[in-house]
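This report concerns only the one structure given below.
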2 protein chains.
Amino acid sequence: MCDIAAWHDCTVAVRLRAKHATWENAIIRAVTSIDVARAAGVSQSAVSRAFSPGSSISARTKQKVLAAAASLGYRPNRIPAIMLSGRSFMVGVVIGGLENPFYATALERLATALRESGLQVLLMHVDDALTLDSALDRLVSYRIDAIVTSLAIGSKAVVQALSQLRLPVVCFNSSHVGPWISTVNSNNHGAGLVAARLLGRHGMQRPLWLAGPSRNSASRARGRGFCQGVRDTGIPSARLVRVQGNDTYDSGYDAIARLQKQGIRPDAIFSSNDMMACGAIDALRECMGLHCPHDVAIMGYDNIPQAAWRSYDLTSFDQQTDQMVARAMQLLDEALGTQDGPVSRTCIVDAQLIERGSTRAAR
Amino acid sequence: MCDIAAWHDCTVAVRLRAKHATWENAIIRAVTSIDVARAAGVSQSAVSRAFSPGSSISARTKQKVLAAAASLGYRPNRIPAIMLSGRSFMVGVVIGGLENPFYATALERLATALRESGLQVLLMHVDDALTLDSALDRLVSYRIDAIVTSLAIGSKAVVQALSQLRLPVVCFNSSHVGPWISTVNSNNHGAGLVAARLLGRHGMQRPLWLAGPSRNSASRARGRGFCQGVRDTGIPSARLVRVQGNDTYDSGYDAIARLQKQGIRPDAIFSSNDMMACGAIDALRECMGLHCPHDVAIMGYDNIPQAAWRSYDLTSFDQQTDQMVARAMQLLDEALGTQDGPVSRTCIVDAQLIERGSTRAAR
DNA sequence: TTGTAAGCGTTATCAT
DNA sequence: ATGATAACGCTTACAA
């Protein structure tokens with residue numbers, strides 16, 4: 001159920017609540033449309049109309065109202081409109097992992113797109129699945145119109161929690177779908193195939209798959225694609241080494257360092273994301289004395305800015321965030337516009353291969 | 001004044017608005033406290049009390065209400081409370097430059113802190129000063145309780161715009177202050193001094209200051225501190241080379257590349273942020289054939305994750321984001337709790353020197 | 001402890 | 001074109 005109780009325990013909230021428990025000690029009351037109406041010598045409706053384009057109002061009246069509003073410093077209040085219409089024009093954006101530049105950039109683009117669509121972003125940062133439930137309840141209590149999330153929705157429980165809100169949900173790179181849930185996915189599997197083909201052309205003999213966390217379905221799809229692609233080049237599946245990371249630089253570094261101890265020397269690496277790939281590049285040099293691309297070819301995913309930094313010069317897949325965000329907005333638009341029940345759609349956007357030095361050398 | 005007009009033009013907004021212009025075709029009405037009251041056979045106030053900890057209600061009644069609420073799927077609506085109290089418990093967070101991992105991480109921490117204080121984040125991403133004005137009007141129309149911004153508030157115009165909102169504002173690393181505006185700053189000037197001292201110990205003879213955009217007051221303060229620190233080591237000011245960047249990796253790279261053409265070879269660099277420092281390190285190697293720290297000692301600012309990546313191993317100043325965020329929460333708390341007029345305070349948090357390889361070598 | 005009723009600031013409807 | 005009025009869903013003062 002609702003954890004409104006937990007909410008009440010929060011320090012600032014309690015303080016504010018206590019402060020305004022009675023009407024007597026109310027703060028500076030904001031200027032309302034009544035005040036403007038009185039000042040302009042018109043009705044409250046006239047004020048409303050002055051601020052609603054397309055409503056029938058004479059230029060003279062509008063002038064009077066706007067003048068009065070300006071002098072009083074009136075700022076329309078959208079809260080009552082939310083009560084009346086049931087729409088808040090706020091979208092809950094649930095994110096996590098901002099330490100990955102990819103997600104940071106994606107959020108930036110998403111926020112911009114939503115703003116341009118006249119929607120507000122009610123942001124919810126989530127560290128783990130545990131906080132999600134209570135977070136959702138809070139968002140919902142603000143009567144958000146929809147939810148957009150870049151969390152890789154892995155667990156069935158989360159999907160169910162989202163579905164139960166009876167609110168349009170748009171995900172990025174989520175595999176689970178359900179009623180009310182739409183998703184925009186990068187063509188993860190296809191990119192895995194492309195990666196294997198490219199590395200194959202560069203003479204791959206001892207491929208390595210550097211996987212992201214297993215709960216990340218996008219990572220799993222990339223791995224499956226890569227595995228199939230490796231087979232397609234004629235290398236038996238058994239020769240493909242798989243190493244587990246957790247999408248961080250350190251996990252990429254450590255994974256390679258572990259390999260060194262096991263005496264495994266890959267000559268072609270596909271990493272589930274760029275951060276791990278960067279870690280791998282550094283570990284190869286420091287722990288194995290291997291240089292990229294001379295000794296090892298490496299590819300990542302996400303095309304984060306650091307992939308283009310000269311020390312890494314990493315071939316990567318660009319998720320085409322702009323396109324994905326645009327698609328997400330379409331899905332959102334559709335879901336918000338439909339009256340007849342929950343929408344559930346899936347979009348696939350091809351990732352664009354960005355070739356850089358890490359796969360350039362012929363060996 | 002308000003650009004509510006512009007808001008009305010936004011596509012999604014218009015569509016939703018049109019769709020619910022009349023009461024007839026209203027959507028699935030949400031479950032209200034009235035519904036719960038009816039189902040539980042109690043009054044509406046009883047429902048309200050059941051969800052308000054500390055209010056006088058019998059255990060039996062509360063049970064009945066909660067049961068009815070659960071079976072109906074009732075979710076309390078906070079919107080009416082906003083109208084009644086005038087407090088929304090929403091804080092407008094105005095940000096930009098998320099492509100810098102430092103700001104991304106800062107946002108993450110801030111969002112977490114606000115959530116833990118029971119405040120919601122109404123996010124506003126701003127590309128430039130132009131969007132800010134209209135953005136603010138929108139935020140205000142949602143009756144936010146305060147604004148927190150990591151934008152380096154440079155222009156006097158922005159400060160004035162913020163002051164006029166008559167809303168508590170908390171900034172990070174802003175120099176301009178005014179009524180209603182509080183700010184938490186890193187000890188930029190002090191860090192500049194420390195940088196010069198450290199580089200001086202490493203034999204600095206030809207110092208270089210890699211500046212951020214001139215509108216960034218934090219960068220200016222760092223530069224002033226460094227300049228003074230350089231003088232303190234006995235090097236005449238005229239020997240200090242200043243180069244202009246814009247806080248990006250590319251600008252750091254280009255700045256060094258330009259120096260090469262001018263035949264200038266620094267032996268100690270202090271960069272206004274880590275991104276530029278990374279660019280500088282790569283340019284030194286690629287364009288000048290200089291290696292860090294053997295030929296050049298380098299320091300940055302922000303201690304972004306990439307500073308710890310092995311390819312850079314960059315000495316940096318950690319802004320202690322956790323502390324700064326904690327301070328910001330205190331300032332916010334204070335501003336929200338005060339009834340007697342606008343608050344305006346400034347906090348300084350010392351940056352912590354993180355020594356890494358880029359300044360380690362004795363040359 | 002519980003119920004009744006007023007009120008928050010706006011917008012849609014209806015009457016003028 | 002304009003004004004009066006009801007309604008949105010909840011909280012709180014007050015009465016019982």
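- Listed candidates were C:dT11, D:dC10, D:dG3. Nearest to the side chain of B:Gln44 is D:dC10.
- A 6.0 Å sphere centred on CZ of A:Arg38 holds no more than 12 heavy atoms belonging to other residues, nucleotides or ligands.
- Each of A:Pro80 and B:Ala46 was matched to the nucleotide of DNA chain C holding its nearest heavy atom; the match closer to the 5' end belongs to B:Ala46.
- Within the 4.5 Å cutoff, the side chain of A:Ile82 has no heavy atoms near those of the A:Phe89 side chain.
- Phosphate contact (OP1/OP2 of D:dT12, side-chain N/O of B:Ser48, threshold under 4.0 Å): absent.
- Counting non-hydrogen atoms of neighbouring residues, nucleotides and ligands closer than 6.0 angstrom, the CZ atom of A:Arg143 exceeds 12 such neighbours.
- Put simply, A:Ser58 has a side-chain N or O that comes within less than 4.0 Å of OP1 or OP2 on D:dT2.
- Between D:dT2 and A:Thr61, a contact under 4.0 Å exists linking OP1 or OP2 to a side-chain N or O.
- Between B:Arg87 atom CZ and D:dT11 atom C1' there is a gap of 16 Å when expressed in whole angstrom units.
- If you measure from atom CD1 of B:Ile82 to atom P of D:dG9, you get 15 Å, rounded to the nearest angstrom.
- Across the protein-nucleic acid pair, A:Arg143 atom CZ and D:dC10 atom C1' stand 11 Å apart, rounded to whole Å.
- The side chain of A:Ser33 places no N or O atom within less than 4.0 Å of a non-bridging phosphate oxygen (OP1 or OP2) of C:dG9.
- Side-chain atoms of B:Cys171 and B:Ile181, non-hydrogen and from C-beta on, do get closer than 4.5 Å to each other.
- A straight line from OH of B:Tyr142 to C1' of C:dG9 spans 15 Å, rounded to a whole angstrom.
- At the phosphate of D:dG9, neither OP1 nor OP2 sits under 4.0 Å from any side-chain N or O atom of B:Tyr74.
- In terms of phosphate contacts, B:Ser43 brings a side-chain nitrogen or oxygen within less than 4.0 Å of OP1 or OP2 of C:dG3.
- Around CD of A:Gln63, the count of heavy atoms belonging to other residues, nucleotides or ligands within 6.0 Å does not exceed 12.
- Following rounding to the nearest Å, B:Asn77 (CG) and D:dT11 (C1') show an atom-to-atom distance of 12 Å.
- Distance A:Arg75 CZ to C:dG9 C1': 17 Å, rounded to the nearest Å.
- Nearest-nucleotide positions on DNA chain D place B:Ile79 closer to the 5' end than the other of B:Ile79 and B:Arg49.
- The separation between A:Phe89 atom CZ and C:dT11 atom P is 11 Å, rounded to whole Å.
- Counting distance only, with no hydrogens placed and no angle test, the side-chain atoms of B:Ser45 and the base atoms of C:dT4 include a donor-acceptor pair under 3.5 Å.
- The CE atom of A:Met83 sits 7 Å away from the C1' atom of D:dC10 (whole-angstrom rounding).
- Contact annotation: B:Ser56 reaches the phosphate of C:dT1 (side-chain N/O to OP1 or OP2, under 4.0 Å).
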